[in-house]
Participant: 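Here you go, one structure.
Keep in mind that what you see is a predicted model, and the values were worked out from it rather than measured. Throughout, numbering of the chain's residues begins at 1 and tracks the sequence.
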Amino acid sequence: MLREGIFIAALAAATASFADEQDLGDKLLQVKGTMDSINGELNSQHADLSQIKSDLNASSRRSERLDKQILEELKALRRQNQALIDTNQALIAAAATSSATHGDKKSSSVLIATPSRNYDFETPDGKMIFGGEEYVYVKEADATLAARVDTGATVSSITATNISRYESDGVKMVRFTIEANGRRIDAEAPFIRVTRVRQSSSNGFSYRVVVGLNVKIGNYSVYSEFNLMDRTSMDFPMLLGRSLITDIASVDVSRNYVQKRADPDGLLLINKDLFTLLQRNGKDPNAEYDARKALEAGGQIAMPADDYGDNLGTNSKKALPEVSQQMLKDEYTKRLTDAGVSLPADLVPQEKTEESKTENGEDKSKEQQGE
């Protein structure tokens with residue numbers, strides 16, 4: 001009986017333990033189902049949030065485009081409004097001039113008035129419009145450089161190598177070489193100061209020489225500071241900063257080369273990418289400039305031009321000795337001829353000899369006809 005009681009008690013305990021484990025498994029399955037439901041809901045919410053974010057980004061882009069379009073239309077309206085004001089003032093001035101000229105008499109002449117400014121190149125308040133890139137003529141280099149307009153830069157900069165400082169008549173000067181498009185231009189400019197510039201690529205500083213340059217953009221000339229740095233590895237040989245732009249221009253980055261070249265026939269140094277592209281297509285932006293300079297050099301090159309006579313070039317002192325001697329000989333011969341002195345045969349100009357031969361031949365033919 002005792003053994004049966006012990007067996008029954010053990011069986012009851014095992015049954016209770018199995019029931020507890022079964023209840024625990026059911027609870028775990030229930031918790032897992034709840035977690036799966038929560039995860040599914042979170043994934044659905046995440047998808048909704050992603051869609052909302054995408055819609056917001058698209059709406060922001062549309063809003064930016066709309067804002068830009070509205071801004072461009074407002075600029076155009078301002079230009080048109082200012083043009084109408086200028087035209088109206090010009091008409092009033094023309095009418096006043098016509099009235100003063102003709103008195104009270106009615107004149108049949110048509111009054112013509114044109115706006116005093118071109119609002120494609122300047123703002124209604126009189127400021128110039130710069131694009132993201134502009135042509136800048138540098139007097140010290142006698143060349144036009146393509147420049148990138150950067151309102152984030154404080155001081156403008158120009159490419160320079162072989163930088164050296166010297167003093168001339170008590171004035172501190174700087175010599176440097178401008179290298180771009182495979183050309184080297186030696187230039188000199190007054191020394192202003194040495195400035196410290198923070199390097200964007202590191203935590204250190206670099207020191208640059210600042211010079212004063214006479215530059216011209218469109219019809220505007222200005223003396224401005226430029227720091228010298230080696231920009232041969234950069235795309236543009238020049239950068240325009242706020243020190244030059246402030247108070248004279250507004251920047252429209254959607255346009256390039258708004259202002260016309262101040263020196264359209266001079267030497268042009270363009271950005272590296274464009275120059276490389278032109279080279280690949282066998283084109284040279286300075287071909288006409290080089291041809292004109294070679295033609296202007298003329299007799300300075302040690303070779304006579306037989307096709308079109310003696311060429312003295314732009315400087316007679318640099319002419320070939322043969323040309324100089326021939327000039328002296330011609331002048332001496334002319335003086336003797338004017339004085340009535342008979343010249344030896346070797347001094348008689350070839351043209352006159354041929355003329356005399358022609359005249360003699362004509363006389364002989366006339367004599368023969370007479371006979």
Participant: Do you know which two heavy atoms are closest between Asp252 and Ser254, and how far apart they sit?
Facilitator: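 That would be OD1-OG, 2.6 Å.
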Participant: If I compare all heavy atoms of Ala262 with all of Gly218, which pair ends up nearest, and what's the gap?
Facilitator: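 Looking at all heavy atoms of both residues, the closest pair is CB-O, 3.6 Å.
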Participant: What's the shortest heavy-atom distance between Ala147 and Val136, and which atoms?
Facilitator: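 In this case the closest contact between Ala147 and Val136 is CB-CG2, 3.9 Å.
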Participant: Testing the basics here: between Glu140 and Ala189, what is the closest heavy-atom pair and its distance to 0.1 Å?
Facilitator: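 Of all heavy-atom pairs spanning Glu140 and Ala189, the closest is CG-CB, 4.5 Å.
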Participant: State whether the number of non-hydrogen atoms from other residues, nucleotides or ligands found under 6.0 Å of Glu167 atom CD is greater than 12.
Facilitator: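 Yes, because the 6.0 Å sphere around CD of Glu167 holds more than 12 heavy atoms from other groups.
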Participant: Can you name the one residue among Asp290, Asn181, Leu278 that meets side chain to side chain contact (heavy atoms under 4.5 Å, CB included) with Asp284?
Facilitator: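 It is Asp290, the one option of Asp290, Asn181, Leu278 that forms the side chain to side chain contact (heavy atoms under 4.5 Å, CB included) with Asp284.
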Participant: Between Thr159 and Thr232, is there a side-chain heavy-atom distance shorter than 4.5 Å?
Facilitator: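 Yes, side chains in contact.
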Participant: Give me each pair satisfying side-chain hydrogen bond (donor to acceptor under 3.5 Å, both in side chains) with a member in residues 256-273, each pair once, sequence neighbours excluded.
Facilitator: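 Passing the test, one end in residues 256-273: Glu133-Tyr257.
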Participant: Return the CZ to CG distance between Phe130 and Leu244, rounded to the nearest 0.5 Å.
Facilitator: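 Atom-to-atom, Phe130:CZ and Leu244:CG are 6.5 Å apart.
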Participant: Check whether more than 12 heavy atoms from other residues, nucleotides or ligands sit under 6.0 Å from atom CG of Asn281, and answer yes or no.
Facilitator: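 Atom CG in Asn281 is crowded, with more than 12 foreign heavy atoms closer than 6.0 Å.
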Participant: Any Lys/Arg nitrogen of Lys334 or Asp330 sitting under 4.0 Å from an Asp/Glu carboxylate oxygen of the other?
Facilitator: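 Salt bridge: no.
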Participant: Within this structure, what is the OG-CG distance for the pair Ser157 and Leu228, rounded to the nearest 0.5 Å?
Facilitator: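 Separation between the atoms: 9.0 Å.
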Participant: Listed by chain and number, what are the side-chain hydrogen bond (donor to acceptor under 3.5 Å, both in side chains) partners of Arg165, not counting sequence neighbours?
Facilitator: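 Counting only residues at least two positions away or on another chain, Arg165 forms no side-chain hydrogen bond (donor to acceptor under 3.5 Å, both in side chains).
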Participant: Output yes when a side-chain donor or acceptor of Ser44 lies under 3.5 Å from a complementary backbone atom of Gly40, and no otherwise.
Facilitator: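 Pair absent, no side-chain N/O of Ser44 close to backbone of Gly40.
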Participant: Under 4.0 Å between a Lys/Arg side-chain N and an Asp/Glu carboxylate O for Glu331 and Arg335?
Facilitator: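 Looking at Glu331 and Arg335, the cut-off is met.
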Participant: Does any part of the side chain of Glu134, heavy atoms only, come nearer than 4.5 Å to the side chain of Val258, both counted from C-beta?
Facilitator: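 Side-chain contact under 4.5 Å: yes.
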Participant: Got Tyr223 and Asn214 here, is their nearest side-chain heavy-atom distance under 4.5 Å?
Facilitator: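 Yes, their side chains come closer than 4.5 Å.
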Participant: Is the shortest side-chain heavy-atom distance between Arg184 and Asn162 below 4.5 Å?
Facilitator: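 When only atoms from C-beta onward are counted, Asn162 and Arg184 do touch, with a gap below 4.5 Å.
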Participant: Between CG of Leu268 and CZ of Arg183, what distance do you get to the nearest 0.5 Å?
Facilitator: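 Interatomic distance, Leu268 CG to Arg183 CZ, rounded to 0.5 Å: 9.5 Å.
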Participant: Hey, quick one: are Ile217 and Leu269 part of the same hydrophobic cluster, counting side-chain heavy atoms closer than 4.5 Å, chains of contacts allowed?
Facilitator: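 Linked, Ile217 and Leu269 end up in one cluster.
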Participant: Any side-chain heavy atom of Leu239 sitting closer than 4.5 Å to one from Arg231?
Facilitator: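 Leu239 vs Arg231: side chains touch.
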Participant: Would a hydrophobic clustering, with Ile, Leu, Val, Met, Phe, Trp and Tyr connected at side-chain separations under 4.5 Å, put Val194 with Leu213?
Facilitator: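 Yes, same cluster.
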Participant: According to a 4.5 Å side-chain heavy-atom criterion applied to Ile, Leu, Val, Met, Phe, Trp and Tyr, with indirect links allowed, do Val155 and Ile178 form part of one hydrophobic cluster?
Facilitator: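 The answer is no; the residues belong to distinct hydrophobic clusters.
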Participant: Calculate, to the nearest 0.5 Å, the distance between atoms CG and CZ belonging to Asp150 and Phe236 respectively.
Facilitator: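 These two atoms lie 11.5 Å from each other.
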Participant: State which residues pass side-chain hydrogen bond (donor to acceptor under 3.5 Å, both in side chains) with Gln279; sequence neighbours excluded, sorted by chain then number.
Facilitator: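 side-chain hydrogen bond (donor to acceptor under 3.5 Å, both in side chains) list for Gln279, sorted by chain: empty.
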Participant: Testing the basics here: between Gly241 and Ser156, what is the closest heavy-atom pair and its distance to 0.1 Å?
Facilitator: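 Taking Gly241 first and Ser156 second, the nearest heavy atoms are N-OG, 2.9 Å.
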Participant: Does Ile163 belong to the same Ile/Leu/Val/Met/Phe/Trp/Tyr cluster as Met173, with side-chain heavy atoms less than 4.5 Å apart forming each link?
Facilitator: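 Hydrophobic grouping puts Ile163 apart from Met173.
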Participant: Classify the side-chain pair Thr154/Arg242 by whether it contains a donor and acceptor separated by less than 3.5 Å.
Facilitator: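 Yes.
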Participant: Could you state the interatomic distance from OG (Ser60) to CG (Leu66), rounded to the nearest 0.5 Å?
Facilitator: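 Rounded to the nearest 0.5 Å, the OG-CG separation comes out at 11.5 Å.
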Participant: Applying a strict under-4.5 Å side-chain criterion to I, L, V, M, F, W and Y, I'd like to know whether Val138 and Met128 cluster together.
Facilitator: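 Hydrophobic grouping puts Val138 with Met128.
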Participant: Once you round to the nearest 0.5 Å, how far does CG of Asp247 lie from CD1 of Ile245?
Facilitator: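 Separation between the atoms: 11.5 Å.
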Participant: With a 3.5 Å cut-off and no angle check, do the side chains of Thr161 and Glu179 form a donor-acceptor pair?
Facilitator: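 Thr161 vs Glu179: donor-acceptor pair found between side chains.
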Participant: Between Tyr137 and Asp142, is any pair of side-chain heavy atoms under 4.5 Å apart?
Facilitator: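 With C-beta onward as the side chain, the pair touches.
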Participant: Would you please test Val215 and Phe226 for side chain to side chain contact (heavy atoms under 4.5 Å, CB included) and show each step?
Facilitator: CA-CA 10 Å; Val215 299; Phe226 284 79; 3.9 Å; yes
